[in-house]
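As structure tokens, the structure follows; a few thoughts come after it.
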Amino acid sequence: MDYKDLANLIFPNVKDASYYEEKYPERKLKEGAMVVRFAPSPTGFVHIGGIYTSVICSKLAKQTDGVFILRIEDTDQKREVENGVVGIIDALKKFNLNPDEGMINEEDSKGAYGPYKQSQRKEIYQAFAKRLIEEKKAYPCFCTAEDLDEMRQKQESAKVRPGYYGAWAACRNLGLDEIEKRIKNGEEYIIRFRSPGNEERKIKHHDVIKGNIDFPENDQDIVIIKSDGLPTYHFAHVVDDYLMRTTHVIRGDEWLSSLPVHLQLFQALGIKPPKYAHIAPIMKEEDGAKRKLSKRKDPEAAVEFYAKEGIPSDAAKEYLLNIANSNFEMWRKQNKTASIDDFELQLNKMSISGALFDMVKLLDISKTVISRYSKEEVYDAAYTWATEYDEDLKKLLEDNKEYSLKVLGIERGNEKPRKDIAKWSDLKDNIEYMYDDRFLNKPHTYEYQNINDKEEIKKVISTYLEKYFDLSDDKQTWFDKIKDLSEELGYAREVKEYKQNPEKYKGHVGDVSTVIRIALTGRANTPDMYEIMKVLGEDSIKTRLEKAIK
RNA sequence: GGCCUGUUGGUCAAGCGGUUAAGACACCGCCCUUUCACGGCGGAGACAUGGGUUCGAUUCCCGUACAGGUCACCA
């Protein structure tokens with residue numbers, strides 16, 4: 001029996017690895033094209049970090065005329081969740097991230113380098129494992145969980161580095177005959193890589209983001225094929241990214257320390273490794289300590305959170321891009337209405353350490369993004385959101401479509417559009433008072449401000465209605481009339497004038513218009529009152545004002 | 001604990017041997033001839049620390065502290 005026989009004994013029915021190498025030839029892409037992939041596990045929860053990675057991948061592929069692949073890493077069947085793949089696909093879709101290749105539903109995929117789901121690639125991994133066994137670069141290991149536990153304990157008490165390596169690797173030098181006997185005996189085993197590494201030696205590596213890093217060589221005989229026949233992450237990564245002809249592996253930097261393992265695997269298979277870009281995770285601060293955004297503790301870690309809050313996905317994307325390349329902000333300032341597709345993302349400009357998630361900044365970006373929307377876009381987006389999350393708002397928009405468009409058009413579409421909506425869940429509160437059936441049927445306690453006296457308020461409003469209110473006025477005339485009203489009642493026409501001689505007046509035009517504003521809307525802060533009046537219309541204005549002084 | 005990485009205002013960050021150490025968010029003040037939002041102007045606020053190297057270090061080297069990551073038949 002030789003190693004070839006052993007390989008055949010272990011994997012009798014798999015094809016030769018060269019079959020797959022031919023089946024998935026090098027891609028014919030133009031110089032500099034990047035082949036990248038997002039490779040999540042379907043654990044039923046899409047993390048914002050995954051969207052972050054995808055945004056980066058998708059942009060780079062687009063920028064270079066490359067390929068963006070969605071690969072599902074489902075080799076851990078214990079953690080798998082029903083419809084996990086669809087959940088991921090839907091999340092990407094929401095962010096308008098469209099992979100060129102990869103899974104398109106739970107079972108099917110598109111692209112010539114598939115399957116794109118690791119559980120469907122079992123024989124492929126085995127073919128490469130077989131090659132390693134033939135070349136004596138991998139071997140079966142019969143150690144049980146108990147054996148390994150025992151080994152770890154011994155190592156711990158002996159104060160040596162834990163792990164399956166060197167002399168501790170019990171199955172590493174088993175004789176072929178013994179191996180054959182134990183396999184034929186039906187003993188359980190897994191396949192381990194025979195590491196040629198030496199802990200004393202250093203390897204040099206250049207990461208596209210992190211720069212030059214030195215590591216000690218890996219000397220652990222890591223598991224490559226588990227007892228269920230599926231590969232571990234390390235092995236799957238190497239085989240898949242080789243066969244899918246990935247040029248750049250973009251992944252979280254928690255993988256950085258296993259890089260020596262991966263590099264060694266590539267070398268053992270005689271393959272040139274791809275370039276690596278390890279991105280820093282998005283962090284969160286709690287009790288003074290920084291940590292990764294956690295799916296258990298932080299609602300904002302879940303993609304669903306943004307959907308529920310009604311933060312537009314393009315806003316979240318801009319925020320993510322802003323974390324990725326801080327010059328995005330500058331670019332956006334100079335290209336206010338450009339599509340983010342026109343921004344050129346640079347991997348080497350990415351931050352080396354993790355940024356704290358900043359909700360305030362996200363909402364600020366979101367406000368700006370929404371301010372660029374047309375009223376129709378606001379209507380559609382808000383309506384779509386409401387359909388899922390706010391029945392009442394949906395009804396409000398639906399029952400009054402034409403009117404709602406007018407409301408949403410207030411101070412929108414001009415040079416300096418309003419920026420007061422950061423998320424769709426804010427919207428209802430912002431516009432509800434504009435609807436008569438809601439406003440008039442709600443009991444109001446008007447909280448007036450500087451002018452508080454009931455009689456005075458009555459006088460302001462009734463005088464306005466009798467002598468000065470005329471909706472057909474243009475804005476200047478309309479406002480001049482409010483000034484006239486102020487003057488007649490003993491208030492300064494100009495705020496400045498009042499400030500210079502406060503003793504001469506009861507107040508100023510601002511106080512007077514505030515009274516009208518509050519009577520009209522029930523609130524002290526609103527968009528431009530002239531525009532509001534235009535939208536409300538004469539009848540509504542009169543009803544509202546009269547109601548206020550009743 | 002070993003290994004790897006990082007540390008510029010409250011946050012995100014430019015900078016890469018000589019700079020008054022950019023900019024954005026947040027904060028404060030003023031202005032924008034009615035509020036708010038927007039916009040404009042201004043303000044406060046930073047190179048973790050100790051040693052080197054150098055004419056000169058935020059920038060380079062070493063140590064310390066602190067932080068993060070990683071040490072599975074999980075990814």
Side-chain angles (χ1 to χ4, degrees), chain A residues 39-41 43 73-76 78-79 118 141 143-145 148 152 156 159-164 188-192 199 207 210-211 213-216 220 222-228 230-234 236-237 251-260 278 280-281 283 285 288-292 319 322-323 325-330 332-333 349 351-365 367-368 371 411 414-421 449 479 482-483 486 493-497 508-514 516-518 521 523-530:
Chain A
S41 297
T43 54
E73 310 227 323
D74 61 342
T75 55
D76 185 3
K78 281 163 283 184
R79 294 204 314 173
Q118 291 180 333
C141 167
C143 292
T144 62
L148 295 176
R152 245 184 302 268
E156 215 165 286
K159 296 208 164 134
V160 298
R161 195 161 47 91
Y164 205 87
E188 281 227 337
Y189 61 91
I190 47 103
I191 308 296
R192 282 185 190 273
E199 227 249 344
D207 187 89
K210 305 267 176 186
I213 313 166
D214 294 350
F215 300 94
Q220 302 276 342
I222 59 138
V223 176
I224 57 175
I225 301 287
K226 301 184 283 185
S227 54
D228 59 5
L230 284 168
T232 55
Y233 171 86
H234 307 294
H237 150 54
R251 53 157 44 163
D253 66 4
E254 68 270 21
W255 292 110
L256 200 54
S257 44
S258 42
L259 192 59
H278 286 95
M283 314 284 282
E285 184 163 357
K290 258 184 164 184
R291 50 149 230 266
K292 256 166 87 171
Y319 175 66
N322 188 54
I323 291 183
N325 273 189
S326 65
N327 56 319
F328 173 79
E329 219 159 36
M330 222 68 89
R332 178 45 96 197
K333 211 175 176 183
K349 279 197 173 165
S351 168
I352 293 173
S353 53
L356 242 35
F357 180 83
D358 188 347
M359 182 60 92
V360 176
K361 180 111 181 177
L362 203 208
L363 292 180
D364 180 73
I365 289 175
K367 264 196 309 203
T368 307
S371 79
E411 283 188 77
N414 47 14
E415 275 283 300
K416 293 193 280 184
R418 282 198 80 72
K419 290 193 183 177
D420 48 6
I421 304 166
Q449 299 191 323
F479 192 48
I482 291 182
K483 288 182 178 179
S486 306
R493 291 182 70 93
E494 311 288 341
V495 180
K496 264 188 194 155
E497 206 177 306
H508 58 75
V509 61
D511 299 325
V512 173
S513 52
T514 296
I516 301 174
R517 183 191 311 280
I518 293 174
T521 65
R523 44 172 70 199
N525 303 333
T526 71
D528 184 76
M529 191 153 66
Y530 179 72

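Each chain gets a letter, A, B and so on, in the order the sequences are listed, and its residues count up from 1.
- Taking atom P on both nucleotides, B:C60 is separated from B:G17 by 8 Å, rounded to a whole Å.
- Residue A:Ser351 has a polar side-chain atom (N or O) positioned under 4.0 Å from OP1 or OP2 of B:A13.
- Under a 3.5 Å cut-off, the side chain of A:Glu494 and the backbone N or O of A:Lys483 do not form any donor-acceptor pair.
- At whole-Å resolution of the value, CD in A:Glu156 and P in B:G2 are 14 Å apart.
- Between the side chain of A:Ser41 and the backbone N or O of A:Thr43 there is no donor-acceptor pair closer than 3.5 Å.
- Here A:Ile352 lies in heavy-atom contact (under 4.0 Å) with sugar-phosphate atoms only.
- Taking the side chain as every heavy atom from C-beta outward, A:Lys226 and A:Thr75 approach each other to under 4.5 Å.
- Across all non-hydrogen atoms, the minimal contact from A:Phe215 to A:Leu259 is CE1-CD2, 4.1 Å.
- Among the protein residues, A:Thr75 comes within range of the sugar-phosphate backbone only, with heavy atoms under 4.0 Å from sugar or phosphate atoms but none that close to a base.
- The side chain of A:Arg192 approaches B:C73 more closely than any other nucleotide in the set B:C73, B:A14, B:A75.
- Taking only side-chain atoms of A:Ser353, from C-beta outward, the nucleotide of B:A75, B:G6, B:A13 with the closest atom is B:G6.
- Annotation: B:G56 and B:A48 have their C1' atoms spaced 22 Å apart (nearest Å).
- Rounded to whole Å, the C1' atom of B:U8 lies 6 Å from the corresponding atom of B:A46.
- For the atom pair CG of A:Asp207 and CG of A:Asp253, the computed distance is 9.0 Å after rounding to the nearest 0.5 Å.
- When the nucleotides B:C74, B:U70, B:C4 are ranked by their closest atom to the side chain of A:Lys78, B:C74 comes out on top.
- Between A:Lys226 and B:C74 there is a side-chain polar atom (N or O) within less than 4.0 angstrom of OP1 or OP2.
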remark   = Contact string for nucleotides 33-39 of chain B, one letter per nucleotide 5' to 3', B = base within protein heavy-atom range under 4.0 Å, S = sugar-phosphate only, - = neither, reads BBBBBBS

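- Rounded to a whole angstrom, the distance from the P atom of B:C32 to that of B:C41 is 15 Å.
- The CG-P distance, from A:Leu356 to B:C25, rounds to 18 Å in whole Å.
- In terms of position along RNA chain B, the nucleotide closest to A:Ile323 lies nearer the 5' end than the nucleotide closest to the other residue of the pair A:Asp76 and A:Ile323.
- Within the 4.5 Å cutoff, side-chain heavy atoms of A:Tyr164 are placed close to those of A:Cys141.
- What separates CD1 of A:Ile190 from P of B:A72 is a distance of 13 Å, to the nearest Å.
- Between A:Asn327 atom CG and B:C12 atom C1' there is a gap of 13 Å when expressed in whole angstrom units.
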Please enumerate all protein N or O atoms sitting under 3.5 Å from an N or O of nucleotides 59-68 of chain B, with distances to 0.1 Å.
residue, atom, partner, partner atom, Å
B:G68, OP1, A:Lys290, O, 2.9

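- Of the possible polar contacts, one joining the A:Asp76 side chain to the A:Lys78 backbone as a donor-acceptor pair under 3.5 Å is found.
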request  = Begin from the C-alpha positions of A:Val509 and A:Phe479 and carry the test side-chain contact (heavy atoms from CB on, under 4.5 Å) through to its verdict.
outcome  = CA-CA 10 Å; A:Val509 61; A:Phe479 192 48; 4.2 Å; yes

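- Taking 4.0 angstrom as the limit, A:Lys361 places none of its side-chain polar atoms (N or O) nearer than this to OP1 or OP2 of B:G23.
- A:Trp255 places its CH2 atom 9 Å from the P atom of B:U70, with the value rounded to the nearest Å.
- To the nearest angstrom, C1' of B:A14 lies 13 Å from CG of A:Asn322.
- Using a 4.0 Å heavy-atom cutoff across all strands shown, A:Lys333 reaches sugar-phosphate atoms only and no base atom.
- To the nearest 0.5 Å, the span separating CE on A:Met529 from CZ on A:Arg517 amounts to 5.0 Å.
- Under the 3.5 Å distance criterion, the side-chain polar atoms of A:Tyr319 are left unmatched by any main-chain donor or acceptor of A:Asp364.
- To the nearest whole angstrom, the two P atoms, one in B:U20 and one in B:C36, are 40 Å apart.
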Give each protein N/O atom lying under 3.5 Å from an N/O atom of nucleotides 41-44 of chain B, with the pair distance.
none

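- If you measure from atom NE2 of A:His234 to atom P of B:U70, you get 12 Å, rounded to the nearest angstrom.
- Checking B:A14, B:A22, B:A75 against the side-chain heavy atoms of A:Met330 singles out B:A22 as nearest.
- Only the P atoms considered, B:U58 is 13 Å distant from B:G51, to the nearest whole Å.
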note = Secondary structure of RNA chain B per the Watson-Crick/G-U criterion (both distances under 3.5 Å; [ ] crossing, | other strand, . unpaired) is ((((((((.[[[..)..(....]]].(((((.......)))))....[[[[[..)....]]]]])))))))....

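- Taking CD of A:Glu329 as the reference point, atom CZ of A:Arg332 lies at 11.5 Å (rounded to 0.5 Å).
- Between B:U19 and B:U59, the two C1' atoms lie 12 Å apart (nearest whole Å).
- Shown here are the ring pair (Phe, Tyr, Trp, His ring centres under 6.0 Å) partners of A:Tyr189, two or more places apart in sequence or in another chain: A:Phe142.
- Rounding to the nearest 0.5 Å gives a distance of 8.0 Å between NZ of A:Lys367 and NZ of A:Lys419.
- Remark: A:Glu73 CD to A:Arg79 CZ distance equals 10.5 Å, nearest 0.5 Å.
- Side-chain proximity of A:Glu73 to the nucleotides B:A13, B:G23, B:A75 is greatest for B:A75.
- For the P atoms, the distance linking B:C3 with B:U64 amounts to 11 Å, nearest Å.
- Residues passing the ring pair (Phe, Tyr, Trp, His ring centres under 6.0 Å) test with A:Phe328, sequence neighbours excluded: A:Trp331, A:Phe343.
- If you check every strand for non-hydrogen atoms under 4.0 Å, A:Thr43 touches nothing.
- Here CE of A:Met283 is found 9.0 Å from CZ of A:Arg291. Values are rounded to the nearest 0.5 Å.
- Rounded to an integer number of Å, the gap from A:His278 NE2 to B:C3 P is 20 Å.
- For the pair A:Glu411 (side chain) and A:Asp528 (backbone), a donor-acceptor distance under 3.5 Å is present.
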